[in-house]
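Beneath this line is the structure, given in structure tokens, with notes to follow.
Residue numbers begin at 1 in each chain, while the letters A, B, ... track the order of the sequences.
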Amino acid sequence: MLQYDPHAIEEKWQQVWEDTGANLMHIDDERPPYYVLEMFPYPSGDVHMGHVRNYSIGDVISRYKRMQGYNVLHPIGWDSFGMPAENAAIKENSSPHTWTYQNIERQRASLKRLGFSYDWSRTVITSDVDYYHWGQWIFLKFWELGLVERRSSPVNWCPDCNTVLANEQVLGEGDCWRCKTSVEKRELEQWFFKTTNYAEELLEDLNELTGWPERVKQMQANWIGKSIGADVVFTLCDETGEPTDETITVFTTRPDTLFGCSFFLLAPEHPLAERITKGTSYEAEVLKIKQLVESATAIEREKADREKNGAFTGCYVINPVNNEKLPIWVSDYVLMDYGTGAVMAVPSGDQRDFEFAQKYALPIPPVIVRKDDELYEQLAGVTECKISQVPWSEAYVGPGIMVQSGEFTGLPGGKDSEGSTAVINWLAERALGKASVNYRLRDWLISRQRYWGNPIPAVHCSFCGIVPVPYEDLPVELPMNIDVTAGETLAGNAAFCEVDCPACGKPARRETDTMDTFTCSSWYFLRYTDPHNPELPFNSKTVDTWLPVDQYIGGIEHAILHLLYSRFFTKGLRDAGLLGGADANRLLQRGEPFKNLLTQGMVKLNGETMSKSKGNVVAPEDMIARYGTDALRVYILFMAPPDKDLEWNQEGLEGIWRFLNRIWRSASDLLGELVVDSENNVLSIYDTSLTTADATERGKELNRDIHRVIGKVKDDVERFNFNTAIAAIMELANTVSTYIKLPVELRNKELCLRAAETLALLLAPMAPHFAEELWCTVLGKAEQGSVHKQTWPTHDPSQALTETVELAVQVNGKVKARITVALDAPEDEIKAEAYAAVAAIVEAAEPKKIIVVGGKLVNIVV
RNA sequence: GGGAGCGUGGCGGAAUUGGCAUACGCAGUGGACUUAAAAUCCACCGCCGCGAGGCUUGAGGGUUCGAGUCCCUCCGCUCCUACCA
């Protein structure tokens, strides 16, 4: 017998699989389709442990599903546009293109060395012209559908990356997602995808996604941030305090508190604030607040309880419900980009308004009062404002009874209360307001002022305005002769910029913004189904058979960004396909891309994320060099369930190495070979004291375990508990170790062979090379074909059962004795036997109740 | 402030529907083999106790014949989000 030599085995089989096209898939195969997708890598450096974990999980699922009889689509590619390529190129005096494609080749080699069963013929690289061409095509389709907009807007500007960012790319601390620099607000003309058009559907369809983790759905729902309430119209007064024709609308979730509104607020950047204070004595103070907001750092903004600042504008509005004149203030806690940038302030019902009113000595009239509050007695039924200052130390935001609220007094108030509805109806009848919904979700800002990205296919013409590049002129190719190390940009490249207007033919200027890289990763899973289509981004019929992706696997860090954008793209493409065609001509039928989602945890070292900058990276290559790919893959699956973070510990990897070696020896031993080590020392140890009776007993046990473990591994793999699936295989290996203590002549040959086969088949998805070598070489079953082409073994549950079972006997829930009974013993008999076993403890007391739990325990209650 | 999740041996973790807590592995201890070491094999391995026995899933309470699992209160940790009107 040869020693287990992972390097020789792994390289040999990788070559064989490549030569025989073992992992190629045929799209029209008649077996049922199953699409396994792992988030494709960004080619920023070497493959790391996080990749190994992500792709090992995907590979197990793919190989398992193939053995279950599915035609599995399991592709890989690279998300290769983006800024790190530019930064690295400048640092290394190279070009983004060279750097990117060198890294891709390095990563490709590593992924191949890891033995993942990708169909490499379907590789998609987003910076390849024949991919980004279709990104531009989709952009034009979205434009036709009204999903593209160019407008001036306050945007997030990263001064370090020299580009704008989408809201989703600004971290909680107000930092750039990539370089962590504090982001600034700037007013700029930019391209947007109108994600808000789908706000409701993006929220609503989360209910469909039963195969997604609750956590991710919750995060998306929070991000979309739906609020139900009302728009309320206030009338603006002129400088003398008389009402004008001009109105200003606010959004509120609490129309029931409208009588408690004692002042009115504008965001400091609100254009109205500037207009009504221009040239007045209030102007200076208002400007000060505006500057305060502009200069606020991310850390300051982070604090919700930070001091609120405001200034009076000298102007007033009229409250529509009671015609009361309310002062207009500006304050830094009012956000320009949520609602209308204006707020009705109800200090008794909102903590922020309460703090502001206290600071600036504004009235705080109560309008919603709890029945057990001291104010209730004084105010129940009072319609006019009798008390304008609450005795409370904070606002009351819960439900209660409306007071001091005119004709609405006495109604129940609170969020979505009867009082709210009544006020909304009253306002609507008088055209002073209406029921309304607001979302936190903003449109997706996709412009990037960077070179290494997909060019936006548009032309600026001084006669025609902004004109889309015609479909037949696509692709707009990204020029290769831009030297980023010399500070060159697309905008400075005359050959790229100078074009004729596609509409009028006169000289015009090409758009020089490129698209956010997330546009590239929002549809790559569609291209995989038809990666070389020269006419369309994908074939609609093919896409419909493969979509939605059956199992998507990736990191939780994409819970909002990538997963929300991909959902938006899928919905957009579904609707874009309808243009000029019937329903049957849709580009794709479904609006949701990913049916099941598994978010894998991070790989850490000493509690910290592995990263190059921290210098705490464990390189997969080093581990492969010592133990081989299979051991590394099995280990990373064994350490923890896939959705949990895991702590890297190399000693555990030694354990898996021993486990594989032991199976290797056991398999030879099972086939009757004498196992020796590299120095020819005999390792097989037969226990010659064992008898035929022992052999029968151990044979039964091994047979039982084979059936039990086959069933267990199937259940565990299907719910992604790879760690317990491997533990079960270890148990089978332990039983085999006991069995092969029998001298060869006492063994059951058929059983030995079945045990060895079972080990190879069960390990095939996790340790593909090891299992293949076991199957083809050690077991000599090469003529039956690859282990990966075999059918997943089935088990007979009845054969997994023992003839007798041991039951725990409890007295009042505490285990006091054990009895062994026949599997099919009648309950009366079990009760009697159990009682007899604990008679001494019970001391002849009459049991109140005896509970028998089949196959497990008996509980005697006394 | 809001939301989600977690807490089990020295360590990673198991316990699928409320039914024998600590599977499987790592580390550790003792032994066999060896001149020796490595490898391998065998045995032990939650805590207290010499023992019989008792205790144990962050703490406390509850429901139940029975709770790691369900409910309540508290403590601790992690992640997300945040002046969203």
Side-chain angles (χ1 to χ4, degrees), chain A residues 171-174 213-219 221-223 225-227 229 250-254 257 265 301-306 308 331-335 337-346 349-353 355-356 438-440 556-557 559-560 607 635 638-641 644-656 658-659 661-662 665 675 677-679 681-685 687 712 715-716 719 721 723-731 733-734 737 741 806-815 818 847-862:
Chain A
L171 304 177
E173 298 78 33
E214 276 313 311
R215 187 153 77 112
V216 175
K217 288 193 277 184
Q218 189 67 52
M219 281 163 75
N222 289 344
W223 188 260
K226 181 180 185 177
S227 291
V250 299
F251 173 75
T252 177
T253 54
R254 294 294 303 276
T257 64
L265 288 165
R301 255 181 287 149
E302 188 182 345
K303 284 194 163 263
D305 57 350
R306 92 176 219 265
K308 292 158 179 59
S331 176
D332 51 2
Y333 77 92
V334 180
L335 307 173
D337 60 359
Y338 182 77
T340 60
V343 172
M344 62 174 237
V346 182
D350 182 287
Q351 188 56 27
R352 293 156 301 170
D353 299 344
E355 285 165 24
F356 191 85
N438 243 274
Y439 298 92
R440 245 173 49 102
I556 186 75
E557 66 273 17
I560 296 171
Y635 182 52
F638 179 66
M639 284 170 93
K644 277 187 70 170
D645 284 354
L646 66 77
E647 179 64 32
W648 181 260
N649 166 11
Q650 193 160 323
E651 284 173 339
L653 181 50
E654 299 266 359
I656 296 295
R658 285 198 287 265
F659 163 63
N661 274 284
R662 193 151 63 96
R665 291 192 300 271
V675 178
D677 68 12
S678 52
E679 284 152 31
N681 299 310
V682 176
L683 293 174
S684 297
I685 302 169
D687 184 346
K712 167 85 174 151
D715 290 351
D716 284 351
R719 50 191 186 114
N721 285 3
N723 54 333
T724 50
I726 293 164
I729 299 172
M730 287 172 170
E731 284 171 19
N734 291 345
S737 292
K741 290 285 168 304
E806 193 185 63
L807 301 181
V809 182
Q810 299 181 331
V811 178
N812 294 336
K814 297 239 175 240
V815 180
R818 287 169 194 286
K848 272 191 217 147
K849 212 196 242 180
I850 300 180
I851 293 148
V852 178
V853 182
K856 296 206 162 137
L857 55 79
V858 184
N859 191 11
I860 299 173
V861 188
V862 293

**Study point:** Separation of B/A32 P from A/D687 CG (nearest whole Å)
**Key:** 18 Å

Review point. A/D353 and A/Y333: side-chain donor and acceptor closer than 3.5 Å?
Key: yes

Point to revise | N/O (side chain, A/R665) to phosphate O (OP1/OP2, B/A39) under 4.0 Å | key: no

Check your understanding: A/N859 side chain to A/I851 main-chain N or O, any donor-acceptor pair under 3.5 Å?
Key -> no

Practice item. Verify salt bridge (charged side-chain N to carboxylate O under 4.0 Å, His left out) between A/E214 and A/K217, making sure each step is shown before the conclusion. Key: CA-CA 5 Å; A/E214 276 313 311; A/K217 288 193 277 184; 3.4 Å; yes

Review point. With rounding to whole Å, what would you report as the distance between B/C83 and B/G62 at their P atoms?
Key: 44 Å

**Study point:** Rounded distance (Å) that lies between atom C1' of B/U64 and atom CD of A/Q810
**Key:** 13 Å

Check your understanding: CZ of A/R662: more than 12 outside heavy atoms within 6.0 angstrom?
Key -> yes

Check your understanding: Between B/U34 and B/A15, how far is it from one P atom to the other, in whole Å?
Key -> 43 Å

Study note, to complete from the structure: From CG of A/N812 across to C1' of B/A67 the rounded distance in Å is 16 Å

**Study point:** Nucleotide nearest A/V861 (side chain, heavy atoms from C-beta), chosen from B/C65, B/A85, B/A82
**Key:** B/C65

Check your understanding: Whom does B/A36 pair with, Watson-Crick or G-U wobble, provided both distances fall under 3.5 Å?
Key -> none

Exercise for review: Could you check whether A/R719 gets within reach of a base, just the sugar-phosphate, or nothing at all, counting any heavy atom under 4.0 Å?
Suggested key: base

Review point. B/G5 and B/A52: how far apart are their C1' atoms, nearest whole angstrom?
Key: 44 Å

Review point. A/I851 or A/M639: which one's nearest nucleotide on RNA chain B is closer to the 5' end?
Key: A/M639

Check your understanding: Looking only at atom P, what distance separates B/G19 and B/G68, rounded to whole Å?
Key -> 10 Å

Point to revise | Separation of atom CD1 in A/I729 from atom C1' in B/A23, rounded to whole Å | key: 15 Å

Revision key, fill the gap. A/N723 has its side chain closest, among B/G19, B/A14, B/A4, to B/A14

**Study point:** Identity of whatever pairs with B/C77 - Watson-Crick or G-U, under 3.5 angstrom
**Key:** B/G5

Check your understanding: Within the pair A/N734 and B/G25, is there a side-chain N or O less than 4.0 Å away from OP1 or OP2?
Key -> yes

Point to revise | Distance in angstrom units between A/K814 NZ and B/G54 C1', rounded | key: 10 Å

Point to revise | Side-chain donor-acceptor contact under 3.5 Å, A/E654 with A/Q650 | key: no

Study note, to complete from the structure: Of the listed B/C41, B/C24, B/C83, the closest approach to the A/R662 side chain comes from B/C41

Review point. Considering Watson-Crick and G-U wobble pairs with both distances under 3.5 Å, what does B/G60 pair with?
Key: B/C72

Review point. Taking atom types as they are modelled, is there a donor-acceptor pair under 3.5 Å from the base of B/C20 to the side chain of A/R818?
Key: yes

Check your understanding: What's the base orientation of B/G49: syn (chi within 90° of 0) or anti?
Key -> anti

Check your understanding: Taking a pair as Watson-Crick or G-U wobble with both distances under 3.5 Å, which nucleotide is matched to B/A43?
Key -> B/U29

Review point. Expressed in whole Å, how much space separates the C1' atoms belonging to B/U63 and B/G18?
Key: 11 Å

Exercise for review: Check every strand shown and say whether A/G225 touches a base, only sugar-phosphate, or nothing at a heavy-atom separation below 4.0 Å.
Suggested key: nothing

Check your understanding: Quantified in whole Å, what is the C1' atom distance between nucleotide B/G66 and nucleotide B/A21?
Key -> 14 Å

Check your understanding: How far apart are the C-alpha atoms of A/Y635 and A/N649, what are their side-chain angles, what is the distance that settles it, and do they pass the side-chain contact (heavy atoms from CB on, under 4.5 Å) test?
Key -> CA-CA 10 Å; A/Y635 182 52; A/N649 166 11; 3.8 Å; yes

Review point. Starting at CG of A/N859 and ending at P of B/C65, how long is that distance when rounded to a whole Å?
Key: 10 Å

Practice item. Starting at atom OH of A/Y635, determine the distance to atom C1' of B/G13, rounded to an integer number of angstrom. Key: 11 Å

Practice item. Using whole Å, report how far CE of A/M219 lies from C1' of B/G2. Key: 14 Å

Exercise for review: Let me know, please, whether A/V815 or A/K712 comes out on the 5' side of the other along RNA chain B by nearest nucleotide.
Suggested key: A/K712

Study note, to complete from the structure: Considering only heavy side-chain atoms of A/V343, the closest of B/U16, B/A85, B/U40 is B/A85

Exercise for review: Report yes if a donor N or O on one partner sits less than 3.5 Å from an acceptor N or O on the other, where the partners are the side chain of A/K308 and the base of B/C83; otherwise report no.
Suggested key: yes

Check your understanding: A/T724 has a side chain; which of B/A27, B/C20, B/A15 sits nearest to it?
Key -> B/A15

**Study point:** Of the listed nucleotides B/C20, B/G13, B/G3, the one nearest the side chain of A/N222
**Key:** B/G3

Check your understanding: Taking only side-chain nitrogens and oxygens of A/R658, does any of them come within less than 4.0 Å of OP1 or OP2 of B/A27?
Key -> yes

Check your understanding: Does B/A82 pair with anything, Watson-Crick or G-U wobble, both distances under 3.5 Å, and if so, with which nucleotide?
Key -> none

**Study point:** Side chain of A/W223 (C-beta onward), nearest among B/C83, B/C24, B/A82
**Key:** B/A82

Check your understanding: Taking the same atom, P, in B/G30 and in B/A39, what whole-Å distance lies between them?
Key -> 16 Å

Review point. Where the side chain of A/E731 is defined as all heavy atoms beyond and including C-beta, which of B/U16, B/C84, B/A23 is the nearest nucleotide?
Key: B/A23

Practice item. Output the distance between atom CZ (A/R254) and atom CE (A/M344), rounded to the nearest 0.5 Å. Key: 9.0 Å

Review point. Reckon A/R440 has a side-chain N or O less than 4.0 Å from the OP1 or OP2 of B/A85?
Key: no

Check your understanding: If you look at every strand shown and take non-hydrogen atoms under 4.0 Å, does A/F638 touch a base, only sugar-phosphate, or nothing?
Key -> base

Revision key, fill the gap. Between A/L265 and A/S331 the two heavy atoms that sit nearest each other are CD2-CB, 3.9 Å

Practice item. Please work out if A/Q218 contacts a base, only the sugar-phosphate, or nothing of the nucleic acid, heavy-atom cut-off 4.0 Å. Key: sugar-phosphate

Study note, to complete from the structure: Picking from B/A82, B/A85, B/C42, the nucleotide nearest the side-chain atoms of A/K741 would be B/C42

Exercise for review: For B/C79 and B/C74, measure between their C1' atoms and round to the nearest Å.
Suggested key: 22 Å

Study note, to complete from the structure: When rounded to the nearest 0.5 Å, the distance separating NZ of A/K308 from CG of A/D332 is 8.0 Å

Exercise for review: Side chain of A/R215 only, please: which of B/C79, B/G25, B/A15 is the nearest?
Suggested key: B/C79

Check your understanding: Who does B/G12 pair with, Watson-Crick or G-U, both distances under 3.5 Å?
Key -> B/C24

Practice item. May I ask you to say what A/V346 touches in the nucleic acid, namely base, sugar-phosphate or nothing, with a heavy-atom cut-off under 4.0 Å? Key: nothing

Review point. Base, sugar-phosphate, or nothing: which does A/E806 touch, judged by heavy atoms less than 4.0 Å apart?
Key: base

